[in-house]
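Taking it in order: structure first as structure tokens, then the write-up.
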There are 2 protein chains.
Amino acid sequence: MNLPPLVQTFVLHFGEMGSRWGINRTVGQIYALLYLSKEPLNAEDIVERLGVSRSNVSMGLKELQAWNLVRLQHKPGDRRDYFSTPDDIWQIVRTLVEERKKREIDPTMTLLREVLMQEPASTEERHAQERMREMHDLFELLTGWYADVQRLDTERLVQLLTLGSKVQKILEMKDRLFVVPGSKKSRRDDPKDK
Amino acid sequence: MNLPPLVQTFVLHFGEMGSRWGINRTVGQIYALLYLSKEPLNAEDIVERLGVSRSNVSMGLKELQAWNLVRLQHKPGDRRDYFSTPDDIWQIVRTLVEERKKREIDPTMTLLREVLMQEPASTEERHAQERMREMHDLFELLTGWYADVQRLDTERLVQLLTLGSKVQKILEMKDRLFVVPGSKKSRRDDPKDK
DNA sequence: CACATATTTCAGAAAATACTGAAACTTCAG
DNA sequence: CTGAAGTTTCAGTATTTTCTGAAATATGTG
């Protein structure tokens with residue numbers, strides 16, 4: 001591995017972190033490298049800097065492309081593929097969340113919906129279904145929230161996040177100003193709320 | 001594997017999902033089983049239902065305990081260990097986020113802080129540091145937001161999530177109502193905002 | 001304390017995943 | 001069409017991870 005110490009530390013860390021995330025070490029390292037690099041890199045650059053095989057880099061880049069995490073581009077008069085990450089880190093976050101949702105939440109939701117359609121054949125199944133419904137509703141709430149804030153432009157999003165729970169204060173203020181008549185309680189409430 | 005079909009579907013799915021999450025199949029399956037089960041289960045119950053070895057279950061339970069994801073309890077006159085998941089799914093979410101933060105974000109933040117202290121030895125390192133600072137600031141914003149909303153009780157949290165970006169509307173309204181004089185812009189703004 | 005029950009540990013087998021080098025394929029310039 | 005440059009694929013190997021059975025350890029009970 002042939003990198004400035006500062007960069008190497010980060011690249012190595014990301015490689016290890018990758019494992020906890022279900023992506024392999026090389027993929028993590030490639031991504032970290034591209035993230036830190038000012039200029040787009042071609043496959044050979046990556047091979048040199050990380051000291052892994054050309055084919056491994058090829059596979060890694062393919063995976064990163066499948067995740068939409070890297071951008072492929074060309075330099076005039078050079079037919080090699082160059083790769084980079086978006087300059088805007090918020091774009092990266094958005095892509096990451098989007099892709100993870102697609103791979104992890106969506107299939108789970110499909111399965112939950114299917115299972116929830118079925119007729120429980122026992123008390124045990126009935127209870128299991130109830131638990132699955134809770135999970136389904138939770139995911140729905142969470143993805144709904146995400147779909148919603150995801151549309152905000154970055155500035156407003158940051159504003160919202162910075163505010164955090166202080167929003168709550170404003171909400172209360174609003175409630176006091178405009179008394180909402182009988183805000184409907186449709187969802188059956190879970191009594192246990194520790 | 002000896003489970004009602006409906007439960008089996010879910011358990012199997014979670015097992016597979018586990019792989020994408022850096023936890024192994026058995027751990028995923030054990031957790032899914034406990035999540036769906038009305039009654040706490042002991043290790044032998046789990047062995048029977050999942051059809052894996054006793055030692056594998058022991059390891060799996062140990063890992064789930066390390067994650068704080070299962071609760072250990074005892075039945076009177078029975079010295080076996082029984083395991084269950086919290087009834088409140090929001091408690092589960094909180095634990096999950098907490099633990100992932102502890103294992104993934106915190107070590108990364110430590111590393112970022114260390115690296116940001118160092119003196120860059122080249123333009124390349126300078127740029128890399130700049131990128132790391134962006135990541136650092138991003139994580140700080142995100143964890144700050146989380147630390148904040150995490151304190152809300154579940155009802156208010158749900159309220160907030162349900163509202164989503166509509167909060168924005170209320171914020172604008174507030175701004176119009178109470179014109180804040182010279183709202184200080186402490187945080188240095190990133191010019192690129194695509 | 002001895003015996004039964006319950007749990008954990010651990011070395012090695014089995015399975016899954018990552019990685020490599022060589023070959024195959026693609027694209028483009030001349 | 002040919003060959004050079006670039007990229008991907010793939011079969012085999014290496015590495016890592018998961019899983020098991022057997023042994024060790026712990027925790028009661030009579």
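Since we're looking at a predicted model, the values are computed, not measured.
No donor-acceptor pair closer than 3.5 Å links the side chain of Ser58(B) to the backbone N or O of Arg54(B). Checked by atom type and distance alone, the side chain of Thr110(B) pairs as donor or acceptor with a backbone atom of Asp106(B) at under 3.5 Å. With Arg94(A) contributing its side chain and Gln150(A) its backbone, the two residues share a donor-acceptor pair below 3.5 Å. For the pair His136(B) (side chain) and Met109(B) (backbone), a donor-acceptor distance under 3.5 Å is absent.
Applying the salt bridge (Lys or Arg N to Asp or Glu O under 4.0 Å) rule to pairs touching residues 118-129 of chain A yields Glu124(A)-Arg49(B), sequence neighbours excluded.
Listed by residue number, the members of residues 60-79 of chain B with any heavy atom below 4.0 angstrom from DNA chain C are Lys62(B), Arg79(B). Residues from residues 13-20 of chain B with heavy atoms under 4.0 angstrom of DNA chain C: there are none.
The shortest distance between side-chain heavy atoms of Gln29(A) and Leu12(A) falls below 4.5 Å. For the pair Leu142(B) and Ile105(B), the minimum side-chain heavy-atom distance is 4.5 Å or more. You'll find the side chain of Leu6(B) reaches within 4.5 Å of the side chain of Gln129(A), heavy atoms only. Using a 4.5 Å heavy-atom threshold, the side chains of Val149(B) and Val167(A) count as separate. Proximity of Leu41(B) to Tyr82(B): side-chain heavy atoms (C-beta onward) are nowhere separated by under 4.5 Å. Counting heavy atoms from C-beta on, the side chains of Leu112(B) and Phe10(A) come closer than 4.5 Å.
Remark: Lys102(B) engages Glu99(B) in a salt bridge (Lys or Arg N to Asp or Glu O under 4.0 Å) (not counting sequence neighbours). Contacts of Arg100(A) classified as salt bridge (Lys or Arg N to Asp or Glu O under 4.0 Å), with partners at least two apart in sequence or in another chain: Glu104(A). Residues satisfying the ring pair (Phe, Tyr, Trp, His ring centres under 6.0 Å) test with Trp67(A), not counting sequence neighbours, are none. For Val158(B), the side-chain contact (heavy atoms from CB on, under 4.5 Å) partners at least two apart in sequence or on another chain are Leu141(A), Trp90(B), Thr154(B), Thr162(B). Here Lys62(B) pairs with nothing under the side-chain contact (heavy atoms from CB on, under 4.5 Å) rule; sequence neighbours left out.
When the nearest nucleotides of DNA chain D are assigned to Asn24(B) and Ala43(A) by heavy-atom distance, the more 5′-ward of the two goes with Ala43(A).
Along DNA chain D, read 5' to 3', the first and last nucleotides having any atom under 4.0 Å from a heavy atom of chain B are dT18(D) to dG28(D).
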What protein N or O atoms touch nucleotides 20-24 of chain C N or O atoms at under 3.5 angstrom, if any, and at what distances?
residue : atom : partner  : partner atom : Å
dT20(C) : OP2  : Ser53(A) : N            : 2.8
dT20(C) : OP2  : Ser53(A) : OG           : 3.0
dT20(C) : OP2  : Asn56(A) : ND2          : 3.0
dG21(C) : N7   : Ser55(A) : OG           : 3.2
dG21(C) : O6   : Ser55(A) : OG           : 2.7

Restricting both atoms to N or O, compile the protein contacts to nucleotides 13-16 of chain C shorter than 3.5 Å, with distance only.
none

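A salt bridge is defined here as a Lys NZ or Arg NE, NH1 or NH2 lying under 4.0 Å from an Asp or Glu carboxylate O, and Glu134(A) with Arg131(A) meets this definition.
For the helix from dC1(C)-dG30(D) to dG30(C)-dC1(D), the end axes, each set by the C1' atoms of five terminal pairs, are bent relative to each other by 20° (nearest 10°).
Residue contacts shown for Asn42(A) are absent, as no nucleic acid heavy atom lies under 4.0 Å away.
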